[in-house]
There are 4 protein chains.
Amino acid sequence: MEDAPPPAARRRKEARPQEVLEAALDTFVGRGFAATRMEDVARRAGVAKGTLYLYYASKEALFEAVVQAMLGTTIARLEGDLGESPLSAGDRLRAVAQGMAGIIGDPRRAALPKLVIANAGSFPGLARFYYREVVCRGLGLIGRILAHGVATGEFRAIDPTVHARLFVAPVLMGAVWQTTFAAVEETSVPPADLLHAHVELFLRGLAPGAADAPAGERS
Amino acid sequence: MEDAPPPAARRRKEARPQEVLEAALDTFVGRGFAATRMEDVARRAGVAKGTLYLYYASKEALFEAVVQAMLGTTIARLEGDLGESPLSAGDRLRAVAQGMAGIIGDPRRAALPKLVIANAGSFPGLARFYYREVVCRGLGLIGRILAHGVATGEFRAIDPTVHARLFVAPVLMGAVWQTTFAAVEETSVPPADLLHAHVELFLRGLAPGAADAPAGERS
Amino acid sequence: MEDAPPPAARRRKEARPQEVLEAALDTFVGRGFAATRMEDVARRAGVAKGTLYLYYASKEALFEAVVQAMLGTTIARLEGDLGESPLSAGDRLRAVAQGMAGIIGDPRRAALPKLVIANAGSFPGLARFYYREVVCRGLGLIGRILAHGVATGEFRAIDPTVHARLFVAPVLMGAVWQTTFAAVEETSVPPADLLHAHVELFLRGLAPGAADAPAGERS
Amino acid sequence: MEDAPPPAARRRKEARPQEVLEAALDTFVGRGFAATRMEDVARRAGVAKGTLYLYYASKEALFEAVVQAMLGTTIARLEGDLGESPLSAGDRLRAVAQGMAGIIGDPRRAALPKLVIANAGSFPGLARFYYREVVCRGLGLIGRILAHGVATGEFRAIDPTVHARLFVAPVLMGAVWQTTFAAVEETSVPPADLLHAHVELFLRGLAPGAADAPAGERS
DNA sequence: CATGAATGAGTGTTCATTCAT
DNA sequence: AATGAATGAACACTCATTCAT
């Protein structure tokens, strides 16, 4: 009556692709695409070299699968955080920041941007995909919040396209930074502090008020 | 006596290391460290493969030399912009931003951060060096300006260490972004606009004023 | 009692080895031994990869089984055509030629010589076997007919050993040729025409008559 | 004054491609294309594995170069034997046979047909090339001689296209045979004897005379 | 018996590095 | 100093073979 008794050996089998993916992510992140040997991935995944090729046709295919697998859930989360909330634009930005912090909090996911950045040159398709699916959607989401804030007068008149990038930059940079200099850094700043300071600074900077910058004249 | 005739043939020779360095930079930037073949560099530099090894002991040594050569002048410029100027903290930040913009404006130099980021994993020494010589010094410079502004009351009370990173992030991110998605990007924002918006936002956000963020309730 | 119900499911099973053999022959012929993958054979035979190993211990064993299976019936036919017929030597040669034509007419069998030739180097045992069982027996058969014809004065005095080879060569060559250049050939000659012309030429050449070749002076 | 003194080390260098070609031919002939490892070829040529790739882009390219190098001189010889001789058609055929015997006499060249036959399936381009450059030209040459003989009444009325193939078959077959069963054969016939018997048989068979075959009626 | 997922030895190819000229 | 032919270690990928189910 049981619907085929998956006896722990099969459970292993069905999880293989996922296990391989994770091992590959870790290795790619740790050593870069080129320096990663398929055998390393295999060993880390606990399988033989040839097994990798049962699931992924080539090293490049594996790499792309790794990135896309991560992106899938990342994008979903991002969009999920959007919603049609009744919050003020400022609070929605805070919420988005929280969301991004959550994503970046997972060290595996934090490594993605760097992975894409480092290898975009060799994987034009991947760069395009990432740009379209993550960059555009993320910037679009934030841009819409900013535009809304400007429309309601909650923010001063700024270009949402430009400031969306400014909003995202420190978060991404933080993730890249962390995975790059983690082993070297002496006086590190907790990501949470950085994020909080950023949001506050950003919102203050957007507040409507004195005609232009508080002091000095634009060069 | 015969110290004379180095009129173009020898000048060429003496400039060799520099030419090799530039060829190497271009190639590393264009294809990444791993995908760059020594032969590519040699051809681009107009020398034979073996000649490279007269100046640099290995591909890795060449890579490090490339980065360090760029850093040398970069750091010098950065420090130069420092000085003990009589300007307000805000204007000094503007000046620093100008300086960074100038550096990033050179496409060769703009590619450096990405190069370091992408290969820090394989070159721990380089990462350490870059962190100490560029990151620390850059952040220190900006941090001191911020601290001064806080001390004089020009800025509200913020942590200079944290906000120095916030100040730098969009600039670096811009440079990395550009070299990563340049070929893909549809709606790009001119770097100058981005930089200007950033500085204004940043300075507004630092202006002393209402106790905390202007709106919203959060810790 | 229950010896009954093998009505199609079991018949399939019992025919397995034969089906595998045929699939293997087709694949070996089509792609050569080395380029044939066991999986190709399995798919063509409609079984799983592992199943092949239930019947044949290795790829080489399968190859040898394929050749030997074909040879078995081939040899039998050849010998069958022999007999102690009351025909003249010439007509017996015609009959043998007919027999060979029939064999070569089956494209699967036509491919055999080429298969053996191409792989004799890697299968010394097979070469030996083929030589002994097919070459020797075939040549022997024809040689005996020739010797008989010489003895009866139907043919001029020739060396049966030598001329047996001359008799066989065009037939074999035709088979090999066809499977080699079939896809390329522009002006092909129908095998039947070739065979007929060959036999006539051969018999005319054997006719007793003027001391030596009809014209020309040579040793 | 000397025009660069090639000091025996350079002579070696310039002969490399040729040496590689010969080593490759021997190995391909001995083991077949697929079973030949580049390392075998390299060792036999006395160079390192990588050196092969300085001259030939891939194993396939090497194989094709081997065949074409042999063909070049083979074709030239064949055409050279043609000429506009004043000999009778029969004697010209004898001359051609001599030429082919000379070619086949070189064991390396004798191996070519088998090499092409065995691998034509995997190298369609090669098959096409060989067919056009060797088969067509060879058959054409012989066909023209036959046609001439028919026209002058030296031969009976036969189809030159068909009989050209019959003329060539035993020679080719002999070459293939030899390289295939050399190690196995017990009672071998000296190629020279075979060739001589073939030519005599062929010429006798072509002699004009009794209306049709000397005896028996065509089936 | 049958399966097909898993294995890992084997091979083509690349490329940093050396060294005779 | 400069060259570039030669080297050989390293690695992606294939596929015959095995074995748990």
Side-chain angles (χ1 to χ4, degrees), chain A residues 4-7 9-10 12-14 16-17 34-42 46-62, chain B residues 9-10 12-14 16 34-43 46-62, chain C residues 10 12-14 16 34-43 46-62, chain D residues 4-7 9-10 12-14 16-17 34-42 45-62:
Chain A
R10 174 178 296 273
R12 185 82 199 296
K13 199 146 55 179
E14 277 157 6
R16 274 290 157 76
T36 290
R37 291 176 310 157
M38 289 300 264
E39 195 165 357
D40 295 338
V41 176
V47 300
K49 220 188 331 173
T51 305
L52 301 181
Y53 290 88
L54 292 179
Y55 301 111
Y56 306 98
S58 69
K59 191 184 176 184
E60 305 211 345
L62 175 59
Chain B
R10 178 179 294 272
R12 182 81 201 297
K13 273 184 191 178
E14 278 158 4
R16 275 288 161 77
T36 291
R37 290 175 306 155
M38 289 300 265
E39 191 164 1
D40 296 338
V41 176
R43 193 166 16 244
V47 300
K49 231 186 318 177
T51 307
L52 299 181
Y53 288 86
L54 295 177
Y55 301 111
Y56 306 98
S58 69
K59 187 184 176 186
E60 311 211 340
L62 174 59
Chain C
R10 179 179 294 272
R12 183 80 201 298
K13 272 186 191 176
E14 277 158 5
R16 274 288 162 75
T36 291
R37 291 174 306 154
M38 289 300 264
E39 192 165 0
D40 296 338
V41 176
R43 194 168 14 245
V47 301
K49 232 187 315 177
T51 306
L52 300 181
Y53 289 86
L54 294 177
Y55 301 111
Y56 305 98
S58 69
K59 188 185 176 185
E60 312 211 339
L62 174 58
Chain D
R10 174 178 297 275
R12 183 81 199 297
K13 199 148 54 180
E14 276 158 7
R16 275 287 158 78
T36 291
R37 291 175 309 157
M38 289 300 266
E39 193 164 0
D40 295 338
V41 176
V47 300
K49 221 182 339 170
T51 305
L52 301 181
Y53 290 88
L54 292 179
Y55 302 110
Y56 306 98
S58 68
K59 190 183 176 186
E60 305 212 345
L62 175 59

When you check the phosphate oxygens OP1 and OP2 of [N], does a side-chain N or O of [X] lie under 4.0 Å from one of them?
X	N	value
D:Tyr55	F:dA5	no
A:Lys49	E:dG8	no
D:Arg16	F:dA6	yes

Practice task
Using heavy atoms to find the nearest nucleotide of DNA chain F for A:Ala34 and C:Ala34 separately, return the residue whose nucleotide is more 5′.
Solution key: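 It is A:Ala34 whose nearest nucleotide is closer to the 5' end.
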
Atom [atom1] of [X] to atom [atom2] of [N]: distance rounded to whole Å?
X	N	atom1	atom2	result
A:Asp40	F:dA10	CG	P	13 Å
B:Lys59	E:dT14	NZ	P	15 Å
C:Tyr53	F:dC19	OH	C1'	13 Å
B:Glu39	F:dT3	CD	P	13 Å
A:Leu52	E:dG8	CG	P	12 Å
A:Tyr56	F:dA12	OH	P	17 Å
C:Arg43	E:dA2	CZ	P	19 Å
D:Leu62	E:dG12	CG	C1'	12 Å

Handout entry: Derivation of the side-chain contact (heavy atoms from CB on, under 4.5 Å) call for A:Met38 and A:Leu62
Key = CA-CA 10 Å; A:Met38 289 300 264; A:Leu62 175 59; 4.2 Å; yes

Handout entry: Heavy-atom closest contact (B:Tyr53 atom, B:Ser58 atom, distance)
Key =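 So the minimum-distance heavy-atom pair works out to CE2-CA, 4.1 Å.
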
Exercise for the section: For B:Ala34 and A:Ala34, work out which heavy atoms get closest and say how close. Expected result: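 Closest pair (atom of B:Ala34, atom of A:Ala34, distance): CB-CB, 3.0 Å.
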
Practice task
State which of F:dA1, E:dT17, E:dC1 makes the closest approach to the side chain of B:Met38.
Solution key: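 So the side chain of B:Met38 is nearest to E:dT17.
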
Practice task
For DNA chain F, write out the stems as range with range, using runs of 3 or more consecutive Watson-Crick or G-U pairs with both distances under 3.5 Å.
Solution key: E:2-21 with F:2-21

Fill in the blank from the handout: When B:Ala57 and D:Arg37 are each assigned the nearest nucleotide of DNA chain E, the 5'-most assignment goes to D:Arg37

Practice task
Name the residue closer to the 5' end of DNA chain E, choosing between A:Ala48 and C:Thr51 according to the nucleotide with the nearest heavy atom.
Solution key: C:Thr51

Practice task
Output yes when a side-chain donor or acceptor of B:Lys49 lies under 3.5 Å from a complementary backbone atom of B:Val41, and no otherwise.
Solution key: no

Exercise for the section: Apply side-chain hydrogen bond (donor to acceptor under 3.5 Å, both in side chains) to A:Arg37 and list each qualifying residue two or more places apart in sequence or on a separate chain. Expected result: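 side-chain hydrogen bond (donor to acceptor under 3.5 Å, both in side chains) check on A:Arg37 returns A:Asp40.
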
Handout entry: Straight-line distance of A:Thr36 OG1 to A:Lys59 NZ, nearest 0.5 Å
Key =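 Output value for this atom pair is 6.0 Å.
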
Practice task
Determine the interatomic distance between P on F:dT21 and the same-named atom on E:dC1; round to the nearest Å.
Solution key: 22 Å

Exercise for the section: Verify side-chain contact (heavy atoms from CB on, under 4.5 Å) between A:Leu54 and A:Arg16, making sure each step is shown before the conclusion. Expected result: CA-CA 10 Å; A:Leu54 292 179; A:Arg16 274 290 157 76; over 6 Å; no

